[in-house]
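A short worksheet on the structure shown next.
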There are 2 protein chains.
Amino acid sequence: MRPTAKQVAELAGVSTATVSYVLSGRDRRVGAETKQRVLDAAARLGYTPNQAARSLRRRRTQRVCLVQGSFGGVPTDERLARDLHEMADGHGYSVVTLAVYSEARAVAAVDVLRGGIADAVLVNNVGDHLTEELLAQVVSARLPTVVIGNGPVPPGCDVVRAPETEVSAEAVEHLIAQGRRRVAFLAQRYELYRDRPIGRLLGYHTALDRHGIEQRTVVSGADDRVSAYQAATGLLRSPDPPDAVFAASDRAAISTIWAVRDAGLRVPADVAVVGVGNIDEGLITNPQLSTVGPIRHDYTDVVRLLFDRLQAEEPPPAREIVRPWTFVRRGSS
Amino acid sequence: MRPTAKQVAELAGVSTATVSYVLSGRDRRVGAETKQRVLDAAARLGYTPNQAARSLRRRRTQRVCLVQGSFGGVPTDERLARDLHEMADGHGYSVVTLAVYSEARAVAAVDVLRGGIADAVLVNNVGDHLTEELLAQVVSARLPTVVIGNGPVPPGCDVVRAPETEVSAEAVEHLIAQGRRRVAFLAQRYELYRDRPIGRLLGYHTALDRHGIEQRTVVSGADDRVSAYQAATGLLRSPDPPDAVFAASDRAAISTIWAVRDAGLRVPADVAVVGVGNIDEGLITNPQLSTVGPIRHDYTDVVRLLFDRLQAEEPPPAREIVRPWTFVRRGSS
DNA sequence: CTGTTAGCGCCTTCAA
DNA sequence: TTGAAGGCGCTAACAG
């Protein structure tokens with residue numbers, strides 16, 4: 001059995017209260033020699049406080065939870081995770097992560113959160129599975145919640161938006177201004193199964209609408225590199241191939257560059273390519289990748305929102321951050 | 001305040017015991033109408049059992065923990081996560097993930113694990129940070145532990161090995177057999193800072209040793225695509241450029257293919273390229289990527305190991321799985 | 001079929 | 001400077 005505070009207390013010849021005070025660092029004046037005896041006893045037994053018991057008593061877990069779509073993510077997700085871990089460390093919190101890559105996982109994650117696994121939640125771009133309704137269940141459990149994403153969120157949580165529609169439209173207008181008229185869109189799955197276009201897809205349509213361009217080609221495939229390559233190859237082989245591809249992710253755009261070159265065509269002369277994400281990898285492609293994405297890859301402001309809310313005496317009003325995005329023109333367009 | 005079982009009991013006009021039995025599904029015969037009243041009351045209050053209290057009482061969390069290096073991982077990691085979540089679901093367990101991308105994170109993770117966040121642990125390839133000594137602390141907390149990785153592990157845990165050294169040597173010998181004599185190695189950081197070569201690097205040296213080839217070039221850069229591109233470019237520009245590159249990851253190998261082509265050279269005519277990982281993306285490069293890696297991307301056997309151990313009455317003997325690896329020759333070599 | 005009760009391990013107030 | 005004791009919310013053994 002794992003050692004308990006009681007066993008440490010017996011070994012040290014003190015009460016469990018003293019053990020608790022010494023090990024949790026709460027300040028109460030404890031004799032130096034007593035303190036040492038407790039520390040020795042704890043070390044000898046390999047004692048670690050039972051967090052379930054501690055959480056029950058303190059009504060706090062001293063943990064925050066990151067809700068992440070998957071582990072095959074983009075570098076941006078990794079940066080977010082690091083910023084969160086770093087600030088959590090500084091505040092004496094641990095971080096646990098829940099993976100939500102399907103509706104079923106979202107439901108399971110909400111149960112775990114409502115069960116009290118953590119004191120606050122940071123939800124990263126899993127809006128397609130973690131619906132507003134499910135999020136509302138999290139918020140109603142009085143969990144401070146920050147959501148990164150452009151979907152609807154329930155009242156009471158902070159939200160971090162990205163102007164992806166607007167900047168995507170800007171990128172597509174740039175393609176149009178070059179004289180491109182057959183612009184195809186390589187979509188992420190979750191943008192497709194909707195009544196009306198949203199996000200990057202909406203930006204695509206908006207730009208073409210503005211210029212009265214009728215021709216639209218939207219195909220799925222931006223979710224992974226292999227699908228993107230295949231989708232792009234399919235487009236290029238079609239009877240009326242595109243002269244530009246706007247891909248909903250940089251990874252898909254890079255696969256598109258490959259596909260164009262493998263088809264014996266040139267980027268950007270024959271086909272222009274633009275991605276979304278502004279990842280570093282766009283700097284090593286040939287030509288370098290034009291992209292739409294965040295100016296800075298830094299999430300300290302987002303994470304600060306979470307800890308502000310976590311440590312506030314009473315719930316602050318819901319706040320919204322809009323992250324600065326921009327279109328970065330490089331060689332591929 | 002979050003509702004408690006006591007409040008549900010009062011609303012339903014029953015005892016907390018009945019609430020507990022109804023909601024935890026433990027079988028005890030409960031009247032149909034009573035049961036319904038409890039369910040209604042729970043739903044009305046939005047009750048979710050406090051997991052800290054439940055864990056404390058049951059001495060089980062009904063959770064398993066995945067310890068993962070990072071979230072910018074390879075597709076393989078994602079597959080492992082999915083297989084784990086799936087089987088956990090089937091057994092009524094939740095999954096929480098801890099990120100260990102540094103020594104500091106490893107220490108923090110061990111604390112959290114020893115604090116009892118989960119009932120079992122699956123450690124995925126974080127051997128460089130999560131040392132044998134730290135793992136021993138986890139095992140000594142009586143946590144069933146399965147470790148994926150080729151590093152040393154403490155007694156009492158199951159381990160999953162990959163014959164990466166042997167198959168890497170095979171790949172390099174294949175390059176030698178083609179007449180390549182200036183074979184460079186693109187290394188991951190953690191393989192470099194050692195007294196003696198291990199893993200893929202060891203395979204590289206072994207093959208060259210066998211054939212009495214003196215020339216060795218080892219550079220860092222296989223950890224991410226951008227570094228790999230830069231490292232490969234550096235190699236190609238050196239006075240004595242390689243005629244083959246063995247990269248410690250497929251992602252690095254793919255960057256190397258780009259670098260070779262951007263340098264105006266041909267793959268494999270001028271420079272052969274081989275990676276490690278056997279990821280699907282190797283099928284869409286041009287030429288297709290030769291690689292060293294697992295035959296199947298399936299972790300159900302590994303995950304089963306974990307649940308076997310978790311549900312065993314008494315600790316089974318430590319088991320070892322060796323995953324089948326192979327060299328897959330494709331167009332790049 | 002249902003209620004009562006004794007803790008799980010820890011923290012923290014109160015008393016000494 | 002330290003100890004005694006109650007209780008966080010839940011479960012499971014025991015009573016009825």
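Numbers restart at 1 for each chain; the letters A, B, ... are given by sequence-line order, proteins then strands. Only heavy atoms go into these numbers, but all of them, side chains included; no hydrogens, no water, no symmetry mates. On a predicted model such as this, the values are computed, not experimentally measured, just so you know.
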Using the rule given for side-chain hydrogen bond (donor to acceptor under 3.5 Å, both in side chains), can you reason through A:Asp223 versus A:Gln188, listing the C-alpha separation, both sets of side-chain angles and the distance that settles it, and then say yes or no? CA-CA 5 Å; A:Asp223 297 291; A:Gln188 301 170 96; 6.0 Å; no
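Taking the six-membered ring wherever Trp is involved, the centroid distance between the rings of A:His129 and A:Tyr190 does not fall below 6.0 Å.
The side chain of B:Arg59 lies closest to C:dC8, out of C:dC8, C:dG3, D:dG3. In the set D:dC10, D:dT2, C:dG3, the nucleotide with an atom closest to the side chain of B:Asn50 is D:dC10.
The closest side-chain donor-acceptor pair between A:Asp83 and A:Thr300, if any, does not fall under 3.5 angstrom.
Position along DNA chain C of the nearest nucleotide to A:Thr4 versus B:Val30 favours B:Val30 as the more 5'-ward residue. Of the residues near DNA chain D, A:Thr16 and A:Lys35, the one whose nearest nucleotide (by heavy atom distance) lies more toward the 5' end is A:Lys35.
When the C1' atom of C:dG7 is taken as reference, atom CG of B:Leu56 falls 9 Å away, rounded to whole Å. Whole-Å rounding puts the B:Lys6 NZ to D:dG7 P distance at 10 Å.
Counting non-hydrogen atoms of other residues, nucleotides and ligands closer than 6.0 Å to CD of B:Glu133 gives a total of 12 or fewer.
Nucleic acid contact class of A:Ser20 (heavy atoms, under 4.0 Å, all strands): base. Within 4.0 Å of B:Val14, counting heavy atoms only, lie sugar-phosphate atoms of the nucleic acid but no base atom. Backbone-only contact: A:Thr34 has heavy atoms under 4.0 Å from sugar-phosphate atoms and none from a base. Counting any heavy atom pair closer than 4.0 Å across all strands shown, B:Ala5 reaches sugar-phosphate atoms only and no base atom.
A sub-4.0 Å separation between OP1 or OP2 of D:dG3 and a side-chain N or O of A:Thr18 is present.
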